Amino acid sequence: MLWSKIFLPTLKDTPQDAEVISHQLMLRAGMIRKVTSGIYNWLPLGLRVLKKIENIVREEMDASGAQEVLMPMVQPRELWEETQRWKKMGPELLRIQDRHDRDFCLGPTHEEVITDLVRNNVKSYKELPLNLYQIQTKFRDEVRPRYGVMRGREFLMKDSYSFNINQDSLNESYLLIKETYKKIIDRLGLEYKIVKADSGSIGGDASEEFHVLAENGEDTIAVSNSSEFAINSELLLTEGEDINSLEGKPSPDGNGIIEVKKGIEIGHIFQLGKIYAEAMNANVLDNEGKSQTLYMGCYGIGISRLVAAAIEQNHDEKGIVWPEAIAPYEVNIIAIGFEKDDKIKKTALNLYDKLLSMGYEVILDDRNDGFGKKMKDAELIGIPINLIIGKQYTENNEIELRHRDGKSSISMVEDIETIFDHYKSK
RNA sequence: CGGGGUAUGGCGCAGUCUGGUAGCGCACUCGCUUUGGGAGCGAGUGGUCGUAAGUUCGAAUCUUACUACCCCGACCA
């Protein structure tokens, strides 16, 4: 992609209505623009990141044996009456009417729809366990949307639902998803903790949250500094303890010391048990021909929230520092004097084509601007590798290879291909 | 929903107290010169000052109502 062609409106000044760093940087880096409170446009650069995360999630979900479906955003009132949630849910459930005055809602989650689908189409224990997922836009009319896409009203989420014949099978599905989530967040390159959680209004039995650690996190969690132990403050509150009083104490699991940290909840897994299946009469026949109520689990990952969380965890004073796996582009070629210097133009285009053909995602800064502006923008949008073709090239055939995280080296132009061959192979 | 704040060109702001018909920086357009840390000169484009009503000869400025947005709290991927 040529920088002169891409729709990438970067901002020098921080918009006044953005408070947290990820929101500021997403606006400044031209990733998103607000449409109205809690609802955003995704611009090309932001969308690339969103899609990368989405694809990693999809790949790992598929690898776990889950199958992708797509359910409607608009859902009929009748299904929500079956579980009593039409009444129980507050105004965060956005209700609308069609031309016949029939009631609908915009789906904040899909237990009702998926349970309806499964009860109508799955009749035997032989078809279980079944794990279905979708990646879809959700709408929750949040009391107070804030922090950009971190807590939007409209957001992209991967939600999945497992259907099991009994509790043991549910346990297995739950653990499988938990392992899948670990793989996903590891691949994204983010630091996280798994936290025992209150299962909240959705109800059910076991429940754990996945938190990306970040200073601006909305949740306070207590974690061990040398084991997997972690607990959410909400859970402690029900036991009447102040989470900050745990700081420095030995971890209850006997490993390490408790540290109190801030986290962003980007995933949540629940064992729902039989509550939804019972309410909606979702049964299958077991191996003795007897009707059994299904056991269910539900598992969410906030995809759009992950974009913001990744930035909260990976930025510096200059801008975003993308983890390689989710960077919108892998390489940024900065050509100084692109229009004026034929040697630079030729080499930049040549390198651009070469890297593209090697399979790299490349953006070429061919704009008619000076070094300062191009570097500032490059640092802002946080592409992992910047190749600088400028004076040093004109004079000595040298190209600077500058990593966004600080490292920098000088190479001769003819060595670039070898260097990138090496990257690709590792 | 309770408390606080903001609203003037795409972004950041001044002007409001003390009414006189809108200004600065950045961005954008054209030309020339520039190109290793957000370039220079010259010439331009763009705003009925959130909306409505009122006071006044005259309102961005005063009055009233409304709306939107942001922040803090109670809910959540």
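All figures in this text were calculated on a predicted structure; none of them were measured in a lab. First the proteins, then the strands, lettered A, B, ... as listed; each starts at 1.
- For the OP1/OP2 pair of B:G38 and a distance below 4.0 Å, the side-chain nitrogens and oxygens of A:K376 include no atom meeting the criterion.
- Judged by distance alone, the side chain of A:Q313 and the main-chain N or O of A:L213 form a donor-acceptor pair under 3.5 Å.
- Scanning both residues, A:S22 and A:M150, for their nearest heavy atoms gives OG-CE, 4.3 Å.
- Phosphate contact (OP1/OP2 of B:A77, side-chain N/O of A:R140, threshold under 4.0 Å): absent.
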Produce the list of close N/O pairs, under 3.5 Å, pairing protein atoms with atoms of nucleotides 5-10 of chain B; give distances to one decimal.
none

Output a table of nitrogen or oxygen pairs between the protein and nucleotides 25-33 of chain B separated by less than 3.5 Å.
residue : atom : partner : partner atom : Å
B:G25   : N2   : A:D13   : OD2          : 3.4

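- The side chain of A:K391 approaches B:G36 more closely than any other nucleotide in the set B:C70, B:G36, B:G73.
- The phosphate of B:C72 (OP1 or OP2) has a side-chain N or O of A:Y147 nearer than 4.0 angstrom.
- Applying the 4.0 Å criterion to OP1 and OP2 of B:C70, one finds that A:S37 has a side-chain N or O inside that range.
- In this structure, A:Y393 has no ring-ring contact (aromatic ring centres under 6.0 Å, His included) partners at least two apart in sequence or on a different chain.
- Salt bridge annotation for A:E417-A:K354: present, with a cationic side-chain nitrogen under 4.0 angstrom from a carboxylate oxygen.
- Proximity of A:R144 to the phosphate of B:C75: no side-chain N or O atom is located under 4.0 Å from OP1 or OP2.
- For B:G38, its base never sits under 3.5 Å from the side chain of A:D369 at any donor and acceptor pair.
- Atom C1' of B:U16 sits at a distance of 11 Å from the matching atom of B:U8, rounded to the whole Å.
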